[in-house]
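Step one of this worksheet: look at the structure below.
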There are 2 protein chains.
Amino acid sequence: MRIGELSRKTGVPVPTIKYYVREGLLPAGELTSRNQASYDETHERRLRLIRALLDVGGMKVAEIADVLAAVDDPERPLHKVLGAAADRMGGTPAGHDDAETAAARTTVAGLISRRGWHAHESNPAADDLARALAALTRLGHGSFAELLETYAEAAEQVAQADLAYVDRRVALEDMVEGVVIGTVLGEAVFSALRRLAHVDASARLYGAEGVPEGDKG
Amino acid sequence: MRIGELSRKTGVPVPTIKYYVREGLLPAGELTSRNQASYDETHERRLRLIRALLDVGGMKVAEIADVLAAVDDPERPLHKVLGAAADRMGGTPAGHDDAETAAARTTVAGLISRRGWHAHESNPAADDLARALAALTRLGHGSFAELLETYAEAAEQVAQADLAYVDRRVALEDMVEGVVIGTVLGEAVFSALRRLAHVDASARLYGAEGVPEGDKG
DNA sequence: GATAGTGGATAGTGCCGGTATCTATTACGG
DNA sequence: CCGTAATAGATACCGGCACTATCCACTATC
């Protein structure tokens, strides 16, 4: 198909498709003449993946380029792709190691070893966690750490379900892509569920309705 | 204290503090003369909260302004603040209701009623969830919905722990702020934990180490 | 052979979170 | 009482990002 049809099928404007190609998110179409290239379903699928990662997953274009490059790497070291997909967070690049962050890092290391997780504390996620805990401490909510075990338990459940899904549901061919999808979109799914559950829990605790009559605007 | 000291204590540059005041995130200091204002610990705390919401929570300045306005509202309708804190997601404003989204919406409504959640399906979180599921469907992962129950279970655990923490740990005075902190920073915490758990789960499944020797760059 | 569509390239747009600069004023140390 | 530093407030500007507009030379198609 030509670029116009690709655009129509996916709802992505033609100039945007060109932009994605320039940025390395999408392979160029195969040239059939100097100003004609043909695109196939792989382009269509990749385009949908890009939009999902952008719109639902909130990833940045450059991050998507990195992750997709890892996906396309024939070597496909699964845990590296997973890392690339997961390490897209952490707005603050490094973060000076103040007292709170150092203490939080210790807490995180303790949690990891206590749960026997096969994850090194140098993992970027551990860093993000430490920074979040440090921020909580600075706000006088250091005891939020009491919830860590509950959180970790739930996170384990979710992660196991994710990986099991990928393992049994996805052909080896698409496994890497499946991991990316599960990691990024799964996060969006869980986030939304958590917010819904919050509404429910607060309704039960404080008697506030999810949406009182006529409060839908 | 004066603005310079506030800046030193929090690490936020003076012009940035002025910017936050302009944007309504931070109340202005009390004027003691035409070019002097005094700030107190409430400003300091608020400033830390703003930075946490920005850096760790990934919220936008305008969103923070909304949420903090709700926090400062003497009426303090708790569930509304929670909503304001939670509804900060969803990059795509509305989203045309295509076939996939409509189907996903039905799935979400089913889930909510099945779990007996006191949350209306018109909730923005339900919308985000539907959009995430629709994106998964478009990518050929409609069966990801099989994980919804597991996800929901975990989300319930986390939400209950969150609210219980707020309920018993926070004076009524600060409860609203506590909800915001728990909602936003709790999400960052859980997200990081989920990524760590992913690393662990994939290590167990596929034998990839969290960080192989000399792979820490 | 007119028209619409295309690949490729460059420049521009709108938003966002600040940062720089400027003025008029005041606090503060000596 | 004077010089310097800091401050409030206002406006202009900046860099990053995700596009979007425009242009050109060319070609598929009617």
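Below, chain A is the first sequence line, B the second, and so on; all start at residue 1. Excluded from the calculations below are hydrogen atoms, water molecules and symmetry mates; all remaining heavy atoms, backbone and side chain alike, are included.
Expressed to the nearest 0.5 Å, how far CZ of Arg48(B) lies from CG of Leu136(A) amounts to 13.5 Å.
In this structure, Glu23(A) places its CD atom 15 Å from P of dG8(C), rounding to the nearest Å. One interatomic measurement links the two molecules: CD1 of Ile17(A) to P of dC19(D), which rounds to 12 Å at whole-angstrom precision. Here dT27(D) presents its C1' atom at 13 Å from CG of Leu31(A), a figure rounded to the nearest Å. Distance Met1(A) CE to dG7(C) C1': 17 Å, rounded to the nearest Å. Between the C1' atom of dG17(C) and the CG atom of Leu53(B) lies a distance of 15 Å, rounded to the nearest Å. Distance CD1 (Ile64(A)) to C1' (dA18(D)): 11 Å, rounded to an integer number of Å. As rounded to whole Å, 12 Å separates atom C1' of dT7(D) from atom CZ of Arg34(B). dA8(D) atom P lies 13 Å from atom CD of Glu5(B), rounded to whole Å.
For dA4(C), the paired base is dT27(D) (Watson-Crick or G-U wobble, both distances below 3.5 Å).
Considering only side-chain N and O atoms, Thr16(A) lies under 4.0 angstrom from the phosphate OP1 or OP2 of dT20(D). For the OP1/OP2 pair of dG7(C) and a distance below 4.0 Å, the side-chain nitrogens and oxygens of Tyr39(A) include at least one atom meeting the criterion. For Ser33(B), a side-chain nitrogen or oxygen approaches OP1 or OP2 of dA27(C) to under 4.0 Å.
In this model, no donor atom of one side chain and acceptor atom of the other lie less than 3.5 Å apart for Tyr39(B) and Arg46(B).
Arg2(A) comes within contact range of the sugar-phosphate backbone alone, with a heavy-atom separation under 4.0 Å but no base atom that close. Here Lys60(A) lies in heavy-atom contact (under 4.0 Å) with sugar-phosphate atoms only.
Between Tyr165(A) and His141(B), the two ring planes are tilted [angle within 30° to 60°].
Mapping Thr32(B) and Ala37(A) onto DNA chain C by nearest heavy atom places Ala37(A) at the nucleotide closer to the 5' end. Closest-nucleotide positions on DNA chain D for Gln36(B) and Pro13(A) were compared, and the one nearer the 5' end corresponds to Gln36(B). Each of Arg22(B) and Ile3(B) was assigned the nucleotide of DNA chain D with the nearest heavy atom; the assignment lying further toward the 5' end belongs to Ile3(B).
Salt-bridge formation is detected for the pair Asp98(B)/Arg138(B): a Lys NZ or Arg NE/NH1/NH2 atom is positioned less than 4.0 Å from an Asp or Glu carboxylate oxygen.
Taking only side-chain atoms of Tyr20(A), from C-beta outward, the nucleotide of dC19(D), dT19(C), dA8(D) with the closest atom is dC19(D). When each of dG9(D), dG8(C), dT27(D) is scored by its nearest atom to the side-chain atoms of Asn35(A), the top-ranked nucleotide is dT27(D).
Looking at Asp128(B) and Arg195(A), their side chains come closer than 4.5 Å, going by heavy atoms from C-beta outward.
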